[in-house]
Amino acid sequence: MPKFVITGGNKLSGKIAVGGAKNAALKIIPATILSEETITINNIPDIEDIGKSFDLLKDLGAEITRNGSSATISTKNINKIELSPKLADKFRTSVMFVGPLLARFGEVKFPHPGGCVIGAGSRPIDLFLEGFKFFGATVEEENGKYYHVKAKKLKPADYFFSTVSVTVTESLMMTACLIPGKSTLRNCAMEPEIEALADYLNTQGAKITGAGTPTITIEGAEKITAGTFDIIPDRIETGSFAIMAAVTGSEIKITSCNPEHIMSLLVIFDKIGVKYERGTDWLLMKPSKNIQSRDIKTHEYPGFPTDLQSPYVVLMTQAQGNSLIQETIYDRRLIWTDMLSQMGANIIMCDPHRVVITGPTKLAAKRLISPDIRAGIALVIAALIAEGTTEIDNIYQIDRGYEKLDERLIKLGADIKRVD
Ligand code: EPU
């Protein structure tokens, strides 16, 4: 298993370009099932979960031609309604294939999806199933491990989300696209990736209004055509690199990004003394001294993203004073902070959803294991300032979210090696 070996202490400098958003790409790939025409997707990040998504689509019978960060996809000849358990139970977003398959074929069989362990149990899919039932589908379950969802004829629905969910909002939005009549989704997630998906589907014949707000209405279209989808910049990569610059006291220009999508982080930077300049598609991080502590509470977009909580925790270990970090989205997303404590950080876990950090503290190198994508990048950031040489194992979990991270950080001057 490859690992990262990182020697801390180097100042970083230069430019780093942000890639296409993982969490947008992972939805547009299954969305291609809604159309029988050929679609071209640009700016696809070259990361693990995308490869798995393409494998799953291919296994269903789609033809895919990849050319660098672009792909041309035809799902015309899809001839299967069953997601291969071997492929689908390896990643959570395999569940995103269910809505489009149900909309096009009226039936889907699939296993409980896999993925990183950050939520309750093996991360539930109850809301997906509940939503499909609202559209008139029946769901047969085998021990919560295998599902068969089908409908003779789907009907429009008025559905209120009891829990705000990004992927379920996207999934039901895609399903409703081809159901004749008007569907309304209420208390929806508002992430930019949802709006991007709706914008694309609308240019291809869908009639979706309100994506990016809590209420989305969808008038069923007869068919979805297909064109070109340019994946929006990854806002979590943008925020992770910005925090990396702040923690290491470096001047870094982050390009090909959309700073508007990380306003919840930038307003905190303003309050805690992290200096930066920004344009429409760039962020220039300036070296900052005497960064102050500040509490955060993760929240659905446009609030502070749970996916930036872990890098922010590292920043707070270097800030002056106490900060309270509250994780409200996932049950197990603060457990990794134990590794930062082992590196010398002063962190008290109040309960699984809250930690108090007192900074600043020096960090020392350790042997670490990356538990999930976002804790993984946080450990990399911590290693960049730790005294000594840190080894991070299980970097598969980092590669799932950040394309060729080591190569990009070496260009900024980091001492990071990928060792097999
Ligand atoms: N939930 C349920 N039942 C469901 C689905 C979700 O109870 O059927 C719960 C989850 O357990 C969680 C809450 O709802 O407690 C919210 O989770 P949500 O469904 O919004 O998360 P998601 O859609 O599975 C997406 C991103 C996550 C990101 C969250 C929150 C994708 C592929 N994933 O997940 O990204 O953390 O929204 O913003 O879009 C990551 O990139 O590292 C990542 C985990």
Side-chain angles (χ1 to χ4, degrees), residues 19-31 45 47-50 52-53 91-99 110 112-134 139 141 144 147 149 159 161-174 185 187-197 214 231-232 234-240 261-262 264 298-311 327-334 336 352-353 370-378 396-403:
K22 164 178 91 70
N23 289 345
L26 287 171
K27 323 304 168 47
I28 188 67
I29 294 171
I47 52 175
E48 284 276 339
D49 282 10
I50 298 294
K52 287 186 200 144
S53 223
F91 67 117
R92 166 109 182 140
T93 37
S94 60
V95 72
M96 297 309 292
F97 284 69
V98 179
F110 63 102
H112 194 88
C116 48
V117 184
I118 50 175
S122 58
R123 288 176 81 187
I125 61 161
D126 55 320
L127 295 175
F128 290 88
L129 302 178
E130 185 180 283
F132 297 140
K133 284 182 195 162
F134 263 76
V139 177
E141 269 185 57
Y147 306 89
V149 180
Y159 181 75
F161 285 93
S162 53
T163 303
V164 177
S165 165
V166 177
T167 41
V168 187
T169 299
E170 292 162 327
S171 184
L172 299 188
M173 190 173 84
M174 289 194 278
L185 305 175
N187 198 24
C188 296
M190 300 189 281
E191 269 64 5
E193 293 78 21
I194 301 173
E195 210 177 334
L197 180 62
I231 292 178
I232 59 172
D234 195 307
R235 64 197 160 89
I236 304 302
E237 229 188 43
T238 309
S240 304
H261 289 168
I262 54 160
S264 58
T298 62
H299 197 278
E300 293 85 8
Y301 190 85
F304 195 96
T306 170
D307 294 339
L308 286 179
Q309 170 258 105
S310 31
E327 170 56 54
T328 65
I329 312 287
Y330 294 114
D331 291 338
R332 304 189 201 179
R333 240 193 184 174
L334 282 170
W336 74 280
H353 288 274
S370 170
D372 72 77
I373 306 177
R374 309 304 173 191
I377 189 82
Y396 156 75
Q397 283 293 354
I398 302 175
D399 291 338
R400 282 183 56 217
Y402 300 85
E403 180 178 333

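Atom set for the values below is all heavy atoms of this structure, side chains included, hydrogens, waters and symmetry mates excluded. When a ligand or atom number is given, it counts from 1 through the structure's own listing order. For this chain, numbers begin at 1 and follow the sequence in order.
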State the atoms of ligand 1, each with its element, that fall below the 4.0 Å cut-off from a heavy-atom position in [X].
X	value
Lys27	31 (C), 32 (C), 39 (O)
Pro124	2 (C), 3 (N), 4 (C), 5 (C), 7 (O), 8 (O), 11 (O)
Asp126	2 (C), 3 (N), 4 (C), 7 (O), 8 (O)
Phe128	8 (O)
Thr306	30 (C), 36 (O)

Side chain, backbone, both or neither: the part of [X] lying under 4.0 Å from ligand 1 by heavy atom:
X	value
Glu193	neither
Arg374	side chain
Tyr330	side chain
Val164	backbone

Are the charged groups of [X] and [Y] less than 4.0 angstrom apart, N to O?
X	Y	answer
Glu327	Arg333	no
Lys133	Asp126	no
Lys22	Glu237	no

Query raised in the report: Hey, mind stepping through Leu26 and Asp49 against side-chain contact (heavy atoms from CB on, under 4.5 Å) and telling me if it holds?
Result: CA-CA 8 Å; Leu26 287 171; Asp49 282 10; 4.0 Å; yes

Query - side chain to side chain donor-acceptor pair (under 3.5 Å) partners of Thr163, counting only residues at least two apart - result: none

From [atom], work out which of [options] has a heavy atom at the shortest distance.
atom	options	result
atom 28 (C) of ligand 1	Leu308, Asp307, Ile329	Asp307
atom 13 (C) of ligand 1	Thr163, Ile377, Val168	Thr163
atom 37 (O) of ligand 1	Asp234, Leu26, Thr298, Val166	Val166
atom 8 (O) of ligand 1	Ile194, Thr93, Leu127, Thr167	Leu127
atom 44 (C) of ligand 1	Lys22, Met96, Arg333	Arg333

Query raised in the report: Passes side-chain contact (heavy atoms from CB on, under 4.5 Å), Thr298 versus Tyr330? Steps please.
Result: CA-CA 10 Å; Thr298 62; Tyr330 294 114; over 6 Å; no

Measure the distances from the heavy atoms of [X] to every atom of ligand 1 and state whether one is below 4.0 angstrom.
X	answer
Asp331	no
Glu300	no
Pro305	no

Query raised in the report: So do the side chains of Pro302 and Met190 get within less than 4.5 Å of each other, counting heavy atoms only?
Result: yes

Requested in this report: Take Ile236 and Tyr402 through the side-chain contact (heavy atoms from CB on, under 4.5 Å) test and state the conclusion after the steps.
Outcome: CA-CA 10 Å; Ile236 304 302; Tyr402 300 85; 4.0 Å; yes

Requested in this report: Let me see the working for Thr167 and Val95 under side-chain contact (heavy atoms from CB on, under 4.5 Å), right down to the final yes or no.
Outcome: CA-CA 9 Å; Thr167 41; Val95 72; 5.6 Å; no

**Report entry** Ile398 to Ser370 - nearest heavy-atom pair and separation
**Finding:** CG1-OG, 3.6 Å

Query raised in the report: Is it the case that more than 12 heavy atoms not belonging to His353 sit under 6.0 Å from its NE2 atom?
Result: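 Yes - once you tally the heavy atoms of other residues, nucleotides and ligands closer than 6.0 Å, there are more than 12.
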
